[in-house]
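Sequence lines set the chain letters: A, B, ... in the order given, protein chains first and strands last, and positions in each chain run from 1.
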Amino acid sequence: MSDWIDIAALDAVPQRGARMVKTADGCVAVFRTAEDEVFALDNACPHKQGPLAEGIVHGKAVTCPLHNWVISLETGLVQGNDEGQVATYPARVEGGRILLDGSFMNRLRGAA
Amino acid sequence: MTKKLVVIGAGMASGRVLEHLFDAGADYDVTLFNAEPRGNYNRIMLSPVLSGEKTYDDIVTHDVNWYESHGVTCRFGEHITAMDREAKTVTGQNGTVSYDKLLIATGSAPFIIPVQGKDLPGVITYRDLDDTNAMIDAAAKGGKAVVIGGGLLGLEAAAGLKERGMDVTVLHLMGHLMERQLDEAAGYLLRRDLEDRGIKVKCRASTAAILGETHVEGVMLEDNEGLEADLVVMAVGIRPETRLANDAHLDVARGIEVNAQMQTSDPDVYAVGECVEFDGQLFGLVAPLYDQAKVVAKSLVDEADVFLPKELSTKLKVTGCDLFSAGDFADGEGREDIVFRDPARGVYRRLVVEDDAVVGAVMYGDTADSNWFFGLIKDKTDISEMRDTLIFGPAYQGGTPMDPLAAVAALPRDAEICGCNGICKGQIEDAIADGATDLGAVRAVTKASGSCGTCTGLVEQVLAVTLGDDFVIPAAQSICGCTDMTHEDVRRMIKSRELKSMPAVWQECGWKTSCGCHVCRPALNFYLLADWPLEYADDPQSRFINERKHANIQKDGTFSVVPRMWGGITTPDELRAIADAAEKFAVPTVKVTGGQRIDLLGVKGEDLPAIWKDLNDAGMVSGYAYSKGLRTVKTCVGTDHCRFGTQDSTGLGVKLEKTLHGSWTPHKLKLAVSGCPRNCAEATCKDIGVICVDSGYQVSIGGAAGMDVKETELLIQVPTEEETIDVIKAVTQLYRENAKYLDRIYKWMAKVGLDWIEEQIVDLETRQALVDRFELSQSIYRKDPWAEHATKKAETYQPLADLKLEAAE
Ligand code: SRM
Ligand SMILES: Cc1cc2nc3c(=O)[nH]c(=O)nc-3n(C[C@H](O)[C@H](O)[C@H](O)COP(=O)(O)OP(=O)(O)OC[C@H]3O[C@@H](n4cnc5c(N)ncnc54)[C@H](O)[C@@H]3O)c2cc1C
Ligand code: SF4
Ligand code: FES
């Protein structure tokens, strides 16, 4: 079932940037690429929980601000020689708005 | 019995439908309405009409004879204002007509931005022949035109108006032109070509109002810049024309919703063209409309067919701007970019490959092979076999890839190697024969590769070919994996080729990725702002978080806040404000730093704008404790209090910090001023240190006390405080202009030599020029970022949304 929730205007997140969404289960970082695609990932680096929303976004990857691990926005997988994975959530843009998948919200509702 | 088909709109889509319908021998009695006082014509050719390459007669697709021979009743110039689905009638200005089947083909309406002055005479959109003629008439009077919108339509309008002699400026809201079809690199080349033909382009320009009393006179931008205009063309986008369908309660989303047979929610009503929405998609190019037209014609004669959206491609109809884009060209996991750039010819090609198939392509400059690439995308051709040579196009397929050295060896002696200096292969060979056996020597003798540096690799290949095994091509340390060029090469290019944006650098220096990475982007951002302070706009997204948010990130994701304490001097009021802020925002640690000021550690990201506001209100500004820029100027008490002080070291320190603050440098920049050689401010282990003596001021540079401990070396001694400040500004600017990103002064000095630095500073003319350039840059950057962020950007420090709250509701 896809039940998308409207989070914010696309323009609220800068291109090649990110903003954070607070959820009952922790923070989720919403990224916007240079090509205006959006991705949602847990806002915690698998290395030492660095806040990924503060990283530098390039291509479809983000570099963690603490120790420069590079993480794929699509799969959440750590790139290069390091290992690990961050949880990703469905996200999309429609009519200039950022939408996150509501089933993810339901998971949170269940948890709350 | 012959059935009645009524068609609303005689545009590109409905023209095709009728052709297919009559070709199939369908038995319909057709009435064709059109709001425009004319029949079907080739709308996309309005641009050649505007530029004067074609006339209206050339672009008519269906004339009176055609309509007559097919028995079409034409009601041109008549606007349909209502439809009644119960009675199966439509009503126009001249009466009501009944139908058995109805086809809505109303196209789209140009979007008009709702600003003051939008209705003034002289403001026009670009959609039909009347608009085109209005532009042609306006251009006949000459003057200035402003085109709002840097997409396909806007640029075609701009090129046409320029062709007709107007002075044209294009305003575009986004960072680069045609951002929906092009990536930044291609957008940069397009802009360069348009500018070369005299069209001015302003990106990130948001229109605030259109000015004028009885006729348009100008455009005002959000940043209060005003532009004169005798004509304003609004080409910011289109909206499906759905008013009729809405009023008749057909299902309408953004467009009129249709199924794969192009049927609306009423089975007797079909819709085609830009007014429809299929499967969430809208259509703004003719290729899919033509596919739809076939399906409509089939559906009308009860034959089965389905509409399937296909890959689309875009070209721009502006002579001399060859571009092409197709498919999906975003970066991604599992996707690889193949990028080819030929800076000399202004060619850029980028293919996006996924699972051994091309999924997207952007090309600029040379689009001769675009159809071949488009075919690969549409057919999802497996390209694994031709991957190595794919980017060069179809001509290179099937042959053995050429060894680059063999190619250089095959070049004739008069082949040009260094374009900047006009040096041919033969001259380099002669230089080598005369004993120049490495790159440096060849460069010194012939100047080859000495200007822009792009031919360095070629020169090395000539060396390798000529000297054989005696020459090993050195692997120069490139900035990062995105480029083969070194920091020095890139910086030379930025200056010599006047590259003023990141896409310009990526293109002219042959970047292998589409938009850089976390290693090269911060370096480029610094080089560009240091070399082009007025033209280049700082890019926060290419900065490390500390510089983007003007606070130092901590290991737990909180931040530290360090206000400036000019020269280490503070007051009871400032201390009280710091204490209040620490309490109010529950700062866990307050620490005196090694830089003579106070650090508030552990501030939550969301609280930053508020704590800055409080500190600002007490007169304090950002201490840039996070920056590759001026950090602190440490001082000792000097003549004010100390019995040994020779000059006012504290006063000079304060002045230096006030004049240098806000400046960005290749690495951090720390200063200190000591009042006498006892050196209580530790000036001799700073990047720039001043020791006051009776006869004046000793300025020394290149100290450090971090991972390396270095003592400064004396640069110059000067008699006055004023001159000291000038010398320090000049040496700072020299460092900004020449050092590699992340080299502190001592590392830079080891490369260029203290003697060279001294020569520049001692020469009064050079010194003054450096001071002037420093001041020019400071006119932009000497400011407190906290104030700006606390007032204008505070919102961006908050979470985008708080779903915790929603979940609780
Ligand atoms: C706060 C402070 C320590 C203190 O509590 O006193 C400090 C804290 C940090 N220093 Fe420092 N340095 C501080 C004075 C110094 C000094 C002493 C000085 O400036 O007189 C030095 C040696 C002098 C020098 O720079 O040569 C110093 C040499 C370094 C270095 C080594 C630089 C080098 O070129 O070798 C680094 C690493 C770097 O910059 O790459 C560093 C990096 C850092 C960073 C920014 C590490 C980081 O990237 O997160 C620390 C940030 C802590 C934080 O979260 O706020 N810090 N650091 C001092 C702030 C001074 C200020 O008011 O701005
Ligand atoms: C200057 C220009 C350049 C272009 N260049 C290209 C290009 O290079 N490549 C490309 O693929 N596409 C291009 N396009 C887009 C292309 O022209 C359109 O996609 C296409 O014309 C849409 O066809 P349509 O039949 O849906 O609508 P239209 O061609 O717009 O026809 C709709 C007609 O319906 C009439 N109408 C609307 N409402 C009513 C009503 N209530 N009653 C009666 N009549 C009504 C309108 O007056 C209009 O004549 C360009 C467009 C323009 C304006
Ligand atoms: S010395 Fe090391 S641990 Fe201490 S503040 Fe400097 S960088 Fe951090
Ligand atoms: S926490 Fe992300 S790299 Fe260390």
4.5 Å side-chain heavy-atom contact, A:Val21 and B:Asp802 = no
Which one of B:Gln541, B:Met174, B:Glu179 satisfies the side-chain contact (heavy atoms from CB on, under 4.5 Å) criterion with A:Gln15?
-> B:Met174
Segment of B:Pro522 engaging chain A (4.5 angstrom heavy-atom cut-off) | side chain
Does a salt bridge link A:Arg19 with B:Glu795, judged by any charged N lying under 4.0 Å from a carboxylate O?
-> yes
Got more than 12 heavy atoms from elsewhere within 6.0 Å of CZ, A:Arg97?
-> yes
Heavy-atom count around A:Glu83 CD within 6.0 Å, excluding the residue itself: above 12?
-> no
Salt bridge or not for A:Glu94 and B:Arg254, using N-O below 4.0 Å?
-> no
If you count heavy-atom pairs under 4.5 Å between each of A:Arg16, A:Gln49, A:His67 and chain B, which one has the most?
-> A:Arg16
Contact part of A:Leu66 toward chain B, heavy-atom cut-off under 4.5 Å: side chain, backbone, both or neither?
-> side chain
Side-chain heavy atoms of B:Glu184 within contact of A:Glu35, under 4.5 Å | no
Non-hydrogen side-chain atoms of B:His518 and A:Asn68 separated by less than 4.5 Å = yes
From OG (B:Ser514) to NZ (A:Lys60), nearest 0.5 Å | 10.5 Å
Give, as side chain, backbone, both or neither, the part of B:Arg180 having an atom under 4.5 angstrom from any heavy atom of chain A.
-> neither
Pairwise distance CZ(B:Phe544) to CD(A:Glu54) - rounded to 0.5 angstrom = 9.5 Å
Under 4.5 Å between any side-chain heavy atoms of A:Pro51 and B:Ile553, yes or no?
-> yes
When the 4.5 angstrom heavy-atom criterion is applied to A:Val62 and chain B, the contacting part is neither
What distance separates A:Cys27 SG from B:Leu800 CG, expressed to the nearest 0.5 Å?
-> 12.0 Å
What are the two closest heavy atoms between B:Gly516 and A:His58, and how far apart are they?
-> O-CB, 3.4 Å
Non-hydrogen atoms of chain A under 4.5 Å away: do they reach the side chain of B:Asp556, the backbone, both or neither?
-> neither
Using 4.0 Å as the upper bound for N to carboxylate O, is an ion pair formed by B:Arg335 and A:Glu37?
-> no
B:Lys512 atom NZ, over 12 foreign heavy atoms within 6.0 Å | yes
Any side-chain heavy atom of B:Arg521 within less than 4.5 Å of one from A:Ile56?
-> yes
From the list A:Asn43, A:Ile98, A:Asp36, A:Ile7, the residue making the most non-hydrogen contacts under 4.5 Å with chain B is A:Ile7
Examine whether an atom of A:Val30 lies under 4.5 Å from a heavy atom of chain B, and if so say whether it belongs to the side chain, the backbone or both; otherwise answer neither.
-> side chain
